[in-house]
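Everything on this sheet refers to the single structure shown next.
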Amino acid sequence: DKKLAMLNPPSSNILQSKISFAILWDMYMNMKLTPHESEIVQRYLAPTYREATPFTLWNKPYVKKPVISREGASVEIIRENKISKSKYDLYSDFLSVYQKFIELPKLNVILNNEFTEKYYIIGSFVCNDNAVGLSCRLGDEITEWESHWLAVSYIKEEEEGDY
């Protein structure tokens with residue numbers, strides 16, 4: 001009857017869950033991946049575990065993230081006995097993963113007609129080994145609801161005289 005349209009298949013929930021990061025990191029640590037897969041995980045995925053123990057033992061900063069969450073809600077950054085928490089506590093009752101803290105880069109931008117320093121994070125989208133999309137979000141240390149989307153463009157070099 002065309003009364004329901006699916007934008008994402010149910011399987012997409014598996015990829016949206018942050019537990020997949022911990023599972024991939026566990027597979028990498030236990031040598032259950034091919035050399036090529038291991039290289040990808042080591043290069044592009046921050047160490048992620050199902051418990052905080054590796055970070056607390058090494059006294060390393062880490063991020064606690066609910067497995068299923070949105071917009072930075074219920075995220076905590078733990079470093080040097082200091083905890084930075086999200087303003088929104090919507091998912092704290094859910095299972096969490098613990099990921100190596102990586103300081104985000106900062107950028108000076110104009111917001112509301114004044115310069116302000118914001119953290120930024122770049123997301124990329126790949127389909128069938130082809131880059132198909134790019135996004136950039138500006139926000140505070142924990143990227144939350146108040147974050148901003150930064151326009152990203154690609155300018156194709158034209159032959160001289162073509163504009």
Side-chain angles (χ1 to χ4, degrees), residues 7-109 111 116-150 152:
L7 299 178
N8 282 333
S11 61
S12 69
N13 285 329
I14 295 169
L15 297 175
Q16 291 177 12
S17 170
K18 292 168 196 70
I19 196 70
S20 60
F21 299 151
I23 292 168
L24 282 169
W25 194 258
D26 185 65
M27 291 173 69
Y28 164 73
M29 295 297 290
N30 289 300
M31 295 184 270
K32 294 182 178 180
L33 301 174
T34 67
H36 177 68
E37 292 165 339
S38 293
E39 181 183 336
I40 291 169
V41 168
Q42 183 183 24
R43 180 179 288 178
Y44 297 111
L45 182 63
T48 308
Y49 304 95
R50 289 177 254 185
E51 56 186 39
T53 307
F55 301 109
T56 57
L57 285 176
W58 305 325
N59 198 26
K60 298 288 185 185
Y62 64 95
V63 182
K64 178 182 176 185
K65 298 178 179 181
V67 169
I68 301 287
S69 63
R70 292 277 183 258
E71 306 292 335
S74 303
V75 167
E76 297 179 13
I77 300 172
I78 298 96
R79 62 183 163 218
E80 300 171 11
N81 298 323
K82 176 185 166 196
I83 299 176
S84 301
K85 291 185 175 190
S86 167
K87 292 179 264 186
Y88 304 97
D89 187 20
L90 305 172
Y91 305 99
S92 58
D93 293 339
F94 289 86
L95 176 70
S96 293
V97 294
Y98 303 85
Q99 191 171 56
K100 177 183 176 183
F101 172 73
I102 298 172
E103 183 83 35
L104 294 175
K106 296 178 186 176
L107 184 67
N108 279 315
V109 296
L111 291 174
T116 184
E117 188 174 64
K118 290 289 183 181
Y119 293 89
Y120 68 92
I121 187 164
I122 296 175
S124 59
F125 304 90
V126 177
C127 183
N128 293 330
D129 292 328
N130 294 307
V132 296
L134 178 71
S135 67
C136 183
R137 289 181 62 197
L138 299 170
D140 295 325
E141 188 171 43
I142 297 174
T143 308
E144 297 180 293
W145 299 104
E146 296 88 7
S147 66
H148 301 272
W149 289 101
L150 179 65
V152 178

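None of these values were measured; they are calculated from a predicted model. Keep in mind that the numbers below use all heavy atoms, side chains included, and drop hydrogens, waters and symmetry copies. Numbering starts at 1 and runs along the sequence shown.
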Donor-acceptor pairs are to be reported for all side-chain atoms of residues 41-48 against protein atoms at under 3.5 Å, with residues two or more places apart or in another chain.
{"from": "Gln42", "atom 1": "NE2", "to": "Tyr28", "atom 2": "OH", "distance (Å)": "3.4"}
{"from": "Thr48", "atom 1": "OG1", "to": "Ala46", "atom 2": "O", "distance (Å)": "2.7"}
{"from": "Thr48", "atom 1": "OG1", "to": "Gln99", "atom 2": "NE2", "distance (Å)": "2.9"}

Side-chain touch Leu150/Leu107, heavy atoms, less than 4.5 angstrom: yes

Can you tell me how far CG of Leu24 sits from OG of Ser38, rounded to the nearest 0.5 angstrom? 10.5 Å

Under 3.5 Å, is there a donor-acceptor pair between the side chain of Ser92 and the main chain of Asp89? no

Beyond-backbone contact of Cys136 with Trp149, side-chain heavy atoms, under 4.5 angstrom: no

Would you name the heavy atoms of Val97 and Ala22 that are closest together and state the gap between them? CG1-CB, 4.1 Å

Sidechain N-carboxylate O distance under 4.0 Å for Lys87, Glu146: yes

Side chain to side chain, Val63 and Ile102, heavy atoms closer than 4.5 Å: no

Side chains of Ile122 and Leu134, heavy atoms from C-beta outward: is any pair under 4.5 Å? yes

Any residue meeting salt bridge (charged side-chain N to carboxylate O under 4.0 Å, His left out) with Lys64, in chain and number order, not counting sequence neighbours: none

Does either side chain, that of Ser147 or that of Lys118, offer a donor lying less than 3.5 Å from an acceptor on the other one? no

Could you go through the side-chain contact (heavy atoms from CB on, under 4.5 Å) check for Phe94 and Val67 one step at a time? CA-CA 7 Å; Phe94 289 86; Val67 169; 5.8 Å; no

What I'd like to find out is whether the side chain of Ser69 reaches to under 4.5 Å of the side chain of Ser74, using heavy atoms alone. no

Show me, pair by pair, the donor-acceptor contacts under 3.5 angstrom made by side chains of residues 50-58, not counting sequence neighbours?
{"from": "Glu51", "atom 1": "OE2", "to": "Thr53", "atom 2": "OG1", "distance (Å)": "3.3"}
{"from": "Thr56", "atom 1": "OG1", "to": "Thr53", "atom 2": "O", "distance (Å)": "3.1"}

What pair of heavy atoms forms the shortest contact from Ser86 to Ile142, and how long is it? N-CD1, 3.6 Å

Considering only heavy atoms from C-beta outward, does the side chain of Ile121 approach that of Arg137 to under 4.5 Å? yes

Shortest non-hydrogen contact from Glu144 toward Tyr88: OE2-CD1, 3.6 Å

Decide whether Tyr49 and Trp25 meet the rule of one side-chain donor and one side-chain acceptor closer than 3.5 Å. yes

From NZ (Lys106) to OG1 (Thr116), nearest 0.5 Å: 10.5 Å

Looking at residues at least two apart in the chain, or sitting in another chain, which of them share a salt bridge (charged side-chain N to carboxylate O under 4.0 Å, His left out) with Glu141? Arg79

Heavy-atom distance under 4.5 Å between the side chains of Tyr119 and Glu103, does that happen here? yes

If you round to the nearest 0.5 Å, how far is OH of Tyr98 from CD of Glu76? 8.5 Å

Approximate separation, where rounding is to 0.5 Å, of Leu95 CG and Lys18 NZ: 11.5 Å

Regarding Thr143 and Glu71, do their side chains bring together a donor and an acceptor under 3.5 Å, going by distance alone? no

Return the set of residues passing salt bridge (charged side-chain N to carboxylate O under 4.0 Å, His left out) with Glu80 (not counting sequence neighbours), or none when no residue passes. none

One should read off an interatomic distance between Asp140 CG and Ser84 OG, to the nearest 0.5 angstrom, of 11.0 Å

Using side-chain contact (heavy atoms from CB on, under 4.5 Å) as the criterion, list what pairs up with Asn30, not counting sequence neighbours. Asp26, Lys32

